Amino acid sequence: MSLKEQQNLLARLYTDSDLREKFFAEPDKIGFDFNLTRREIAEIVEIAPQELDFFAESLFWKRLREAEKFIPLTVKILGCDFPPLFRQFSQTFNPQTVRKHLEDALEFCRFLQKGEVSEIALNVALFERTKIEFFGYGKRLAFCKLAFEIEPFLADNRTENLKRKQKFAVWIKLGNKTRHFYI
Amino acid sequence: MKENNRISKTEDQRPKTRIGLGFREPFRADIFLNQDKIDFLEITTDHYLDAKPEKIEELKLLKEHFPLVPHSLELSLGSAEGIDEDYLEKIAEIVEFVKPEWFSDHLCFTRSGGVKIGHLAPVPYTDESLKVFVRNISKVKKRISAPFILENITYLMQFPSSQMRESVFISKLLDETDCGMLLDVTNLYINARNFGFDWRRFLDEIPLERVVQLHFVGLHKHKNLLIDAHADKTQNEIWDVFGEVVKRCDLKGAILERDENFPPFNEILEEIETARNIISNEFEGTAKPVGAALHG
């Protein structure tokens with residue numbers, strides 16, 4: 001059954017940069033944790049580290065590019081902070097459903113709520129997360145409580161002069177028609 | 001009825017290789033507007049799993065207007081832990097609904113130990129991997145009766161523990177499973193360039209009579225590596241491989257597989273036309289192996 005254990009380790013190495021670093025520093029220690037023999041560990045160590053790194057990086061960027069399609073406003077407001085934040089997030093979450101990119105986008109918005117991003121960014125992420133829950137998962141009603149009037153940002157992506165004002169963004173499906181409004 | 005007419009027409013008139021497109025939502029309107037220029041569509045099964053009613057309606061509509069072939073992404077045929085039965089069941093339902101001439105997935109693994117890798121990962125070409133593929137493919141074939149064809153992937157890393165070349169591995173696998181092959185000519189060219197082997201030798205070593213369908217699209221250059229980003233126009237070097245394959249085997253179909261950086265649709269149609277022209281020009285009485293995997 002060595003291939004199974006090797007694949008368990010490889011799948012983690014491809015998706016977890018911290019583990020990858022530890023493995024190349026102490027391959028035996030990590031390999032034994034995955035129930036591999038010395039020979040099986042050696043077979044993985046023989047893979048050129050730069051090839052493994054490049055493959056893992058390509059997976060990360062592919063994942064990021066797919067997820068960002070669902071949350072364009074969050075990506076826009078985070079700017080250059082988006083890739084490092086998504087990298088942190090990707091270490092903590094592995095999507096399990098067939099709609100993995102949607103799941104990633106949704107969970108990333110949740111992940112942001114725990115981090116240190118601006119309040120406006122949190123509001124934009126909350127807005128998109130609720131929108132994904134409504135459209136992506138076929139809900140008939142979804143709403144979120146916002147601390148800012150974010151309509152100007154939705155219109156022209158400008159964050160200057162956004163007014164602090166509590167509002168609910170609401171999506172509702174009545175028959176085949178969808179309505180979106182603020183209260 | 002329209003679907004049947006379309007198929008029988010291509011069977012009666014040569015060249016019979018159909019040229020089509022991987023269906024993507026941004027193409028939807030243009031595909032229907034240019035129905036006469038697209039012989040068939042490849043649908044990504046995963047887009048219709050646990051889908052909203054609108055996607056199911058879309059699938060029904062596509063089925064009414066085009067012959068479809070399903071292409072799945074996550075059977076993970078190379079997973080030593082085995083096939084995900086729930087996923088297989090969902091794929092089976094789609095295939096049974098579409099009733100295609102064949103369906104396909106990849107020669108790779110995509111999950112292990114509860115981790116979904118998120119893309120197609122290579123396996124070492126060993127006897128043990130071969131046994132894993134044979135066991136998993138046998139489960140798929142037991143559940144789904146439509147002919148199953150297997151696609152070669154690109155890889156950015158190689159396993160020094162491999163005991164045989166990729167071409168030998170694929171040949172043994174096709175032989176043992178009696179599957180057809182979906183030969184991605186772009187993937188073949190990219191691997192050959194990145195890892196310094198001769199793609200013509202690869203073609204010499206695989207059973208070309210089992211090649212049923214091709215994938216083609218442009219390659220993407222990243223520093224000194226080539227990548228299958230599915231985002232570029234098909235380049236001349238890929239057309240060279242395409243032409244060589246067409247010369248050497250009798251195909252049922254070829255699909256342009258574009259996923260990113262969508263161009264105006266007339267550029268897509270031009271590529272489809274180029275593929276059609278290459279096949280027409282190559283077809284001049286040359287004896288070719290006939291796709292045993294589908295012709296029985």
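Below, read A as the first sequence line, B as the second, and so on, with proteins coming before strands; counting in each chain starts at 1. Since the model is a prediction, treat every value here as computed from it, not as a measurement.
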Approximate separation, where rounding is to 0.5 Å, of B/Y87 OH and A/T97 OG1: 11.5 Å
Crowding at CD, B/E54 (>12 non-hydrogen neighbours, <6.0 Å): yes
Heavy-atom contact with chain A under 4.5 Å, split by part of B/E74: side chain
Full working for salt bridge (Lys or Arg N to Asp or Glu O under 4.0 Å) between B/K116 and A/E103: CA-CA 13 Å; B/K116 288 203 169 188; A/E103 205 183 339; over 6 Å; no
From A/K100 atom NZ to B/D46 atom CG, the distance as rounded to the nearest 0.5 Å: 7.0 Å
Proximity breakdown for A/F55 and chain B, heavy-atom pairs closer than 4.5 Å: both
Heavy atoms from other residues, nucleotides or ligands near NZ of A/K29 exceed 12 (cutoff 6.0 Å): no
Proximity breakdown for B/T110 and chain A, heavy-atom pairs closer than 4.5 Å: neither
Residue, of A/H101, A/E66, A/R63, A/K62, that accumulates the most heavy atom pairs under 4.5 Å with chain B: A/K62
Donor-acceptor pair, side chain of A/E43 and main chain of B/P124, under 3.5 angstrom: no
Atom group of A/I47 that falls short of 4.5 Å from chain B, counting heavy atoms: both
Exceeds 12 heavy-atom contacts within 6.0 angstrom, atom NZ of A/K167: yes
Residue pair A/N8, B/E81: steps toward the side-chain contact (heavy atoms from CB on, under 4.5 Å) verdict: CA-CA 9 Å; A/N8 286 348; B/E81 66 187 19; 4.1 Å; yes
Test of ring centre spacing under 6.0 Å for A/F54 and B/H222: yes
Part of A/S58 within contact of chain B (heavy atom distance under 4.5 Å): side chain
From B/M157 atom CE to A/L10 atom CG, the distance as rounded to the nearest 0.5 Å: 6.0 Å
CZ (A/R110) with more than 12 external heavy atoms under 6.0 Å: yes
A/K4 with B/E128: basic N within carboxylate O range, under 4.0 Å: no
Per-residue contact mode, B/L73 against chain A (heavy atom under 4.5 angstrom): neither
Option in B/G113, B/A121, B/S112 with maximal non-hydrogen atom pairs under 4.5 Å from chain A: B/S112
Part of B/P53 lying under 4.5 Å from any heavy atom of chain A: neither
Whether over 12 other heavy atoms sit under 6.0 Å from B/K55 NZ: yes
Rounded distance [0.5 Å steps], CG in B/L120 versus CG in A/L59: 9.5 Å
B/K52 atom NZ, over 12 foreign heavy atoms within 6.0 Å: yes
Value rounded to 0.5 Å, distance of CD1 in B/I117 from CG in A/N94: 9.0 Å
A/E21 atom CD, over 12 foreign heavy atoms within 6.0 Å: no
Over 12 non-hydrogen atoms of neighbours within 6.0 angstrom of NZ in B/K141: yes
Residue pair B/V123, A/Q7: steps toward the side-chain contact (heavy atoms from CB on, under 4.5 Å) verdict: CA-CA 9 Å; B/V123 296; A/Q7 287 183 338; 3.9 Å; yes
Derivation of the side-chain contact (heavy atoms from CB on, under 4.5 Å) call for B/F195 and A/E51: CA-CA 11 Å; B/F195 292 100; A/E51 286 183 10; 3.8 Å; yes
Portion of B/Y155 that has a non-hydrogen atom of chain A nearer than 4.5 angstrom: neither
Heavy-atom closest pair, residues A/R99 and B/D50: NH1-O, 3.9 Å
Qualifying ring pair (Phe, Tyr, Trp, His ring centres under 6.0 Å) pairs with a residue from residues 111-132 of chain A, counting only residues at least two apart or across chains: A/F89-A/F111, A/F127-A/W171, A/F127-A/H180
Portion of A/R65 that has a non-hydrogen atom of chain B nearer than 4.5 angstrom: neither
Approximate separation, where rounding is to 0.5 Å, of A/Y14 OH and B/H119 NE2: 12.0 Å
